[in-house]
Number of protein chains: 2
Amino acid sequence: MNQNPQRSTLVEVAHAAGTSKTSVSRFFGDERQRLSQELQERIAAAAKRLGYHPNQMARGLKGGRSRLIGMLVADIRNPYSVAVMHGIESVCQAHGYSLMVANTNNDPAQERRHLELLTAYRVEGLVVNAAGSPDRELAKLAEQGTPLVLVDRELGEVPADMVGLDDARAIDQALDHLQTAGYGELLYVSKPTSRVSSRRVRLERFQHGIAERGLVGEAHCLTLDADAAELDDAIGAFLVRPGTAPKALLCANGQVTLAVTRVLQQRNVTLGSVGLMGIDELEWCALVPPGITTLAQPTDAIGRAAVENLLQRLESSQRTSPPRRTHYQAQLIPRGSTRLPFHHDRSQESP
Amino acid sequence: MNQNPQRSTLVEVAHAAGTSKTSVSRFFGDERQRLSQELQERIAAAAKRLGYHPNQMARGLKGGRSRLIGMLVADIRNPYSVAVMHGIESVCQAHGYSLMVANTNNDPAQERRHLELLTAYRVEGLVVNAAGSPDRELAKLAEQGTPLVLVDRELGEVPADMVGLDDARAIDQALDHLQTAGYGELLYVSKPTSRVSSRRVRLERFQHGIAERGLVGEAHCLTLDADAAELDDAIGAFLVRPGTAPKALLCANGQVTLAVTRVLQQRNVTLGSVGLMGIDELEWCALVPPGITTLAQPTDAIGRAAVENLLQRLESSQRTSPPRRTHYQAQLIPRGSTRLPFHHDRSQESP
DNA sequence: TTGTAGGCGTTATCAA
DNA sequence: TTGATAACGCCTACAA
């Protein structure tokens with residue numbers, strides 16, 4: 001009774017059942033129909049007795065079907081990514097796939113390394129939520145026939161499907177809401193747009209949007225990595241600036257909302273009198289008085305759509321059809337942080 | 001230029017480099033030293049030209065080394081689990097392992113299914129943060145020689161290593177803090193302990209702890225799944241109960257803290273005048289005025305320790321040594337929610 | 001230093 | 001309905 005009661009193999013089961021590898025293989029593949037009732041029972045019994053489970057490694061080797069979906073995540077601690085991952089996982093499971101997650105910590109080097117690993121395991125499809133620089137590698141992967149889905153952001157030249165938010169529309173929703181609520185002077189805070197397409201779209205739309213609406217506005221792209229000094233300065237300057245219209249801050253995503261809320265709280269700013277609104281709904285947004293207004297992304301749906309996309313390409317062999325983009329609408333969740341203390345609702349004013 | 005520029009294989013590289021499989025294998029294994037400089041260059045060139053990457057499936061098949069670590073998570077959306085996962089991931093990566101994550105949604109059936117999958121891919125080690133019921137399966141796995149590490153909770157009969165919080169000590173810290181802060185009547189809220197050892201330990205320690213300290217206290221185990229009615233009732237009753245000492249709530253984990261905070265806010269309770277404290281530090285705890293006091297778990301360290309444990313057993317072949325338990329200390333982060341409005345600090349009182 | 005031959009556990013192709 | 005037998009891509013004695 002030393003150690004390895006060695007995992008049993010196909011041959012052993014075959015032997016124990018007094019039959020051949022082929023039949024056992026058929027039993028565990030999808031061809032039980034072709035086996036006589038009696039043989040099926042003998043195999044089932046033997047397999048159970050030996051505690052046999054097919055070796056996916058071997059399977060993947062022969063058939064080329066690894067039954068693996070890979071996911072490249074820039075930051076596994078980002079609630080958005082996790083929420084999306086949850087959607088992805090459920091669909092994978094429902095279709096008999098397993099998920100292999102690789103977290104890249106926003107580091108291009110790790111991204112490249114992980115991508116290599118994922119392909120080494122012959123993932124059949126890949127979901128990417130990162131923006132390092134392995135464009136070339138990704139493109140090659142796509143060429144080799146591995147379906148690719150980008151989540152939340154496009155990637156330069158990579159010919160892949162994309163699932164994400166309708167960013168432009170979301171910004172419009174935000175601006176409309178803020179304007180209706182009575183805010184006229186806006187500060188938009190984002191992380192550096194760098195290569196993240198969604199950030200770029202949001203930023204540009206903000207610029208256009210305020211112009212169209214005759215709002216006063218200004219946008220800052222900040223790292224937020226180190227201390228919040230930069231952010232504090234920016235916000236301080238914004239608050240101090242002379243102006244007549246009520247002021248509001250718009251946060252480009254959940255991380256920004258968190259950082260901005262911290263700063264505002266330190267500065268003892270009353271939310272509402274200075275407006276605050278963010279893209280991404282977080283579990284605590286309702287808890288910070290008087291509640292932070294957000295635009296919720298349908299993260300679960302986004303994750304599900306991503307994998308469904310993948311599977312479709314995988315199974316229907318429309319592998320070469322042109323890239324498809326799926327954009328979801330954000331849902332406005334209005335809270336106190338965009339309610340002006342003594343605000344006259346303009347729609348109520350007599351003409 | 002139709003489709004599959006077929007991934008190239010070892011033999012092809014060998015051929016292109018004018019050498020044998022063996023040498024190429026050595027090149028990509030850890031035996032470059034044994035090859036002449038010139039051969040190395042030829043192989044490198046050929047491999048690069050063909051875009052060759054070793055097939056992990058095939059590798060895993062022969063050597064039995066899948067280079068895969070599996071993780072079974074009960075709830076991938078739980079911030080605690082994600083934080084731990086982050087630690088796990090980094091160590092895996094540092095040692096050339098990949099992580100395969102399986103989310104079980106707290107469903108025993110899925111747990112079993114996923115466990116089977118993970119073993120089908122021949123993960124070399126398994127981290128478990130779930131408490132369904134596949135004790136038997138897990139035990140078998142362990143017997144078969146796959147190292148196992150339990151995170152946060154023990155599992156019945158399974159002979160596995162365990163990494164988690166020093167739960168008893170954490171509760172002591174909490175009680176000490178609350179008592180010192182002047183609270184004398186406590187309500188402990190937890191999810192049902194069911195099979196989760198950490199929950200059980202915390203609950204029991206709470207019961208003992210209040211007795212030892214002469215505090216008045218009461219504990220509730222609630223599902224929190226559906227609406228918060230149950231919780232609201234419990235808290236309502238607690239607040240209304242006649243008593244002289246200041247009251248405080250102690251939350252057994254982050255999920256509970258979230259739910260409790262919601263209820264308190266709905267009831268317009270001023271935090272501090274009613275104390276609030278929770279195990280698990282969450283990013284928003286500082287943001288809900290006047291700040292929620294927490295006991296932070298060193299999640300990253302816990303994750304790292306888990307994998308390091310695994311790798312040790314894997315490499316040092318101390319596979320059979322008795323299970324080891326590693327307990328980390330929680331760190332108290334005092335905030336306004338446990339500061340009584342007109343509190344006399346007892347340590348300052350003259351004797 | 002390099003190469004040959006066999007096998008890992010499975011599926012796929014044929015033949016019986 | 002069954003069963004030999006040859007791959008799959010790689011690793012590992014063993015030999016040269």
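Just so it is clear, the values below take in all heavy atoms, side chains as well, and ignore hydrogens, waters and symmetry mates. Every chain is numbered from 1 and lettered A, B, ... according to where its sequence line falls, protein lines coming before strand lines.
Following rounding to the nearest Å, B:Arg32 (CZ) and C:dT1 (P) show an atom-to-atom distance of 15 Å. Atoms CD (B:Glu31) and C1' (C:dT1) sit 12 Å apart, rounded to a whole Å. Straight-line distance from the CG atom of B:Leu10 to the C1' atom of C:dG3: 13 Å, rounded to whole Å. The CG atom of B:Asn55 sits 16 Å away from the P atom of C:dT10 (whole-angstrom rounding). Between the P atom of C:dG9 and the CD atom of A:Gln56 lies a distance of 15 Å, rounded to the nearest Å. One interatomic measurement links the two molecules: CG of A:Leu61 to P of C:dT11, which rounds to 11 Å at whole-angstrom precision. Between A:Arg67 atom CZ and C:dT11 atom C1' the separation is 14 Å, expressed in whole Å. Atom-to-atom, CD of A:Glu12 to P of C:dC8 comes out at 11 Å; the value is rounded to the nearest Å.
If you check distances only, the side chain of B:Thr19 never reaches the base of C:dT2 with a donor-acceptor pair under 3.5 Å. Side chain B:Lys21 to base C:dG6: a donor-acceptor pair is found below 3.5 Å.
Bounding nucleotides for the chain B contact on DNA chain D, 5' to 3', at a heavy-atom distance below 4.0 Å, are D:dG9 to D:dC14.
Using a 4.0 Å cut-off between a side-chain N of Lys or Arg and a carboxylate O of Asp or Glu, A:Asp135 and A:Arg195 qualify as a salt bridge. We find that B:Arg42 and B:Glu38 are joined by a salt bridge, their nearest charged nitrogen and carboxylate oxygen being less than 4.0 Å apart. Between B:Glu31 and B:Arg34, at least one side-chain N (NZ, or NE/NH1/NH2) sits under 4.0 Å from a carboxylate O, which counts as a salt bridge.
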Distances under 3.5 Å only, N/O to N/O: pair up the protein atoms with those of nucleotides 14-16 of chain C.
none

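Mapping A:Ser20 and B:Thr9 onto DNA chain D by nearest heavy atom places A:Ser20 at the nucleotide closer to the 5' end. Comparing B:Ser23 and B:Ala58 by the nucleotide of DNA chain C that holds the closest heavy atom to each, the one mapping nearer the 5' end is B:Ser23.
Residue B:Ser36 is in sugar-phosphate contact alone, with no base atom involved, counting any heavy-atom pair closer than 4.0 Å across all strands shown. Residue A:Phe27 is out of contact with every strand shown, counting any heavy-atom pair closer than 4.0 Å.
Although no hydrogens or angles enter the test, the distance criterion places no donor-acceptor pair under 3.5 Å between the side chain of A:Arg49 and the main chain of A:Ala44. Between the side chain of B:His114 and the main chain of B:Asn103, a donor-acceptor pair closer than 3.5 Å is present. Between the side chain of A:Ser197 and the backbone N or O of A:Arg153 there is no donor-acceptor pair closer than 3.5 Å. Under a 3.5 Å cut-off, the side chain of A:Ser98 and the backbone N or O of A:Leu68 do not form any donor-acceptor pair. Checked by atom type and distance alone, the side chain of B:Arg32 pairs as donor or acceptor with a backbone atom of B:Phe27 at under 3.5 Å. Between the side chain of A:Gln110 and the backbone N or O of A:Asp107, no donor-acceptor pair lies under 3.5 Å.
Using a 3.5 Å distance cut-off with no hydrogens or angles, the side chains of A:Asn105 and B:His86 do pair a donor with an acceptor.
Remark on the helix from C:dT1-D:dA16 to C:dA16-D:dT1: inter-end axis angle 30°, axes from five-pair C1' superpositions, rounded to 10°.
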(request) Please assess B:Arg325 against B:Asp161 for the test salt bridge (Lys or Arg N to Asp or Glu O under 4.0 Å), listing each intermediate value before the final yes or no. (result) CA-CA 6 Å; B:Arg325 295 172 185 353; B:Asp161 292 338; over 6 Å; no
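Aromatic ring centres of B:Tyr52 and B:Phe28 lie closer together than 6.0 Å.
Ranking C:dG9, C:dT2, C:dC8 by closeness to the B:Lys62 side chain, first place goes to C:dC8.
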